[in-house]
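Please read all numbers here as calculations on a predicted model, not as lab measurements. Values below: all heavy atoms of this structure, side chains included; hydrogens, waters and symmetry mates excluded.
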Amino acid sequence: MNDARMQMLERISEDESLVGDLEGDQATQLRQWAATTAESIAQREDLDDQAVATQINAIRTAARVTAANGGDITQAQANFAQVLQASDRTMAIRTSPLRPIQPPAPPSLWQRFVSFWRKENK
């Protein structure tokens, strides 16, 4: 493993944002998953340094998403696969759920009157 790959692995272990607000065992397990997965990718000789960097960044994104959504370690690998498949990795996965679309408020009595009045005077 070359120096560039070692440096990428060191950044993963130092990145506090990987676990977000998680504490205790969940944070430890998520950090361990990220480090182990990153190490196995960094050791692959069939990948160039750019491909390794891309995959390690995807691991970081997946770990952050997993932490933001409860820290379920079984979801980390699925999130990682989803990030890798996304064409735009910056928007691959939202860390917060989407808000439901609210229907527009019904028009007020005044708005209905004005609308009716305009139709009648045309």
Side-chain angles (χ1 to χ4, degrees):
M1 195 176 332
N2 64 25
D3 290 339
R5 292 181 185 204
M6 288 299 292
Q7 202 171 31
M8 288 181 229
L9 290 177
E10 288 173 9
R11 281 192 224 133
I12 280 263
S13 63
E14 296 169 355
D15 191 353
E16 292 295 322
S17 69
L18 289 182
V19 294
D21 293 335
L22 292 179
E23 295 178 356
D25 289 341
Q26 283 184 319
T28 304
Q29 289 174 355
L30 187 57
R31 218 179 278 270
Q32 183 65 36
W33 170 82
T36 303
T37 307
E39 187 173 347
S40 68
I41 288 171
Q43 290 177 353
R44 289 181 54 184
E45 296 195 16
D46 61 322
L47 298 175
D48 64 352
D49 287 347
Q50 183 61 37
V52 170
T54 299
Q55 290 198 17
I56 287 179
N57 286 334
I59 291 169
R60 294 167 105 160
T61 301
R64 288 183 191 116
V65 169
T66 303
N69 290 300
D72 183 10
I73 199 70
T74 59
Q75 283 299 114
Q77 190 65 35
N79 290 339
F80 175 56
Q82 190 175 357
V83 170
L84 284 178
Q85 291 174 358
S87 60
D88 179 7
R89 297 223 163 85
T90 60
M91 297 301 290
I93 302 175
R94 290 181 54 91
T95 57
S96 61
L98 293 172
R99 287 181 287 180
I101 297 174
Q102 298 293 328
S108 68
L109 182 60
W110 176 250
Q111 290 171 330
R112 290 188 301 202
F113 175 73
V114 169
S115 174
F116 176 75
W117 184 71
R118 287 185 182 156
K119 289 178 189 174
E120 290 294 316
N121 289 328
K122 281 189 178 182

Practice task
Grab the two heavy atoms, one from Gly20 and one from Ala67, that are nearest each other, plus how far apart they are.
Solution key: N-CB, 4.1 Å
Practice task
Check salt bridge (Lys or Arg N to Asp or Glu O under 4.0 Å) between Glu23 and all other residues, then give those that pass, not counting sequence neighbours.
Solution key: none
Handout entry: Which residues share a side chain to side chain donor-acceptor pair (under 3.5 Å) with Arg44, sequence neighbours left out
Key = Asp46
Problem - Set of side chain to side chain contact (heavy atoms under 4.5 Å, CB included) partners for Ala51, sequence neighbours left out - result: Leu47, Asp48
Exercise for the section: Go through Arg5 and Glu39 one step at a time and tell me if the salt bridge (Lys or Arg N to Asp or Glu O under 4.0 Å) criterion holds. Expected result: CA-CA 9 Å; Arg5 292 181 185 204; Glu39 187 173 347; over 6 Å; no
Exercise for the section: Heavy atoms only: give me the nearest Gly71-Leu22 pair and the separation to one decimal. Expected result: CA-CD1, 3.6 Å
Handout entry: Counterpart residues, side chain to side chain contact (heavy atoms under 4.5 Å, CB included), relative to Ala76 (two or more places apart)
Key = Leu30, Trp33, Thr66, Ile73
Practice task
For Asp15, enumerate each residue passing the side chain to side chain contact (heavy atoms under 4.5 Å, CB included) test, keeping only those at least two apart in sequence or located in another chain.
Solution key: Ser17, Leu18, Arg60, Arg64
Problem - Thr74: partners by side chain to side chain contact (heavy atoms under 4.5 Å, CB included), with sequence neighbours left out - result: Asp72
Exercise for the section: Can you sort out the partners of Gln75 under side chain to side chain donor-acceptor pair (under 3.5 Å), two or more places apart, ordered by chain and number? Expected result: none
Problem - Any residue meeting side chain to side chain donor-acceptor pair (under 3.5 Å) with Thr36, in chain and number order, not counting sequence neighbours - result: Gln32
Handout entry: Minimal non-hydrogen separation, Val19 against Ala27, with atom names
Key = CG1-O, 3.5 Å
Exercise for the section: Could you tell me the separation between the CG atom of Asp49 and the OG1 atom of Thr54, rounded to the nearest 0.5 Å? Expected result: 10.5 Å
Handout entry: Spacing of CD1 belonging to Ile59 relative to CD1 belonging to Ile41, to within rounding of 0.5 Å
Key = 3.5 Å
Practice task
Name all residues meeting the side chain to side chain donor-acceptor pair (under 3.5 Å) criterion together with Gln26; count only those two or more places apart in sequence or in a different chain, and write none if there are none.
Solution key: none
Exercise for the section: Would you name the heavy atoms of Ala42 and Val52 that are closest together and state the gap between them? Expected result: CA-CG1, 4.0 Å
Completion exercise
Rounded to the nearest 0.5 Å, the CD atom of Gln82 sits from the OG1 atom of Thr61 at a distance of 11.5 Å
